[in-house]
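Each residue takes its place number in the sequence, starting with 1.
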Amino acid sequence: MTSAVTATDRALQPAIDDEEIAAADAFDLPGADLSGEEVAVQILPAQADEFTCASCFLVRHRSQIALENDGVLHCVDCRG
């Protein structure tokens, strides 16, 4: 068995457009480099009417409790 590339193999490979590669390299996404930015976030303690779902770990309102098992709470979206 040989590992030579035939003309048919070359025909099946997609052509690489150098102009498209250059255009993609020059394209910057807006807000892509945020390394110099600082973000200030105020963290609030858990409220009396909130719980953290043991499945998805989202903070939900207590009205969203679907299942409580040994003190472990699950939201309506995660019950199952």
**Prompt:** How many angstroms lie between atom CG of L73 and atom CZ of R60, to the nearest 0.5 angstrom?
**Reply:**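 Answer rounded to 0.5 Å: 12.5 Å.
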**Request:** Would you give the length of the straight line joining atom CZ of R62 to atom SG of C75, rounded to the nearest 0.5 angstrom?
**Result:**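 One finds 13.0 Å between CZ of R62 and SG of C75.
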**Message:** Given 3.5 Å as the limit, does a donor-acceptor pair link the side chain of E38 with the main chain of G36, or not?
**Reply:**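 No: the side chain of E38 does not pair with the backbone of G36.
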**Closest approach of V76 to A66 (non-hydrogen atoms, all atoms of both residues)** =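 Taking every non-hydrogen atom into account, CA-CB, 3.5 Å.
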**Message:** One pair to check against side chain to side chain contact (heavy atoms under 4.5 Å, CB included): V59 and Q47. What are the steps and the verdict?
**Reply:** CA-CA 10 Å; V59 176; Q47 304 297 304; over 6 Å; no
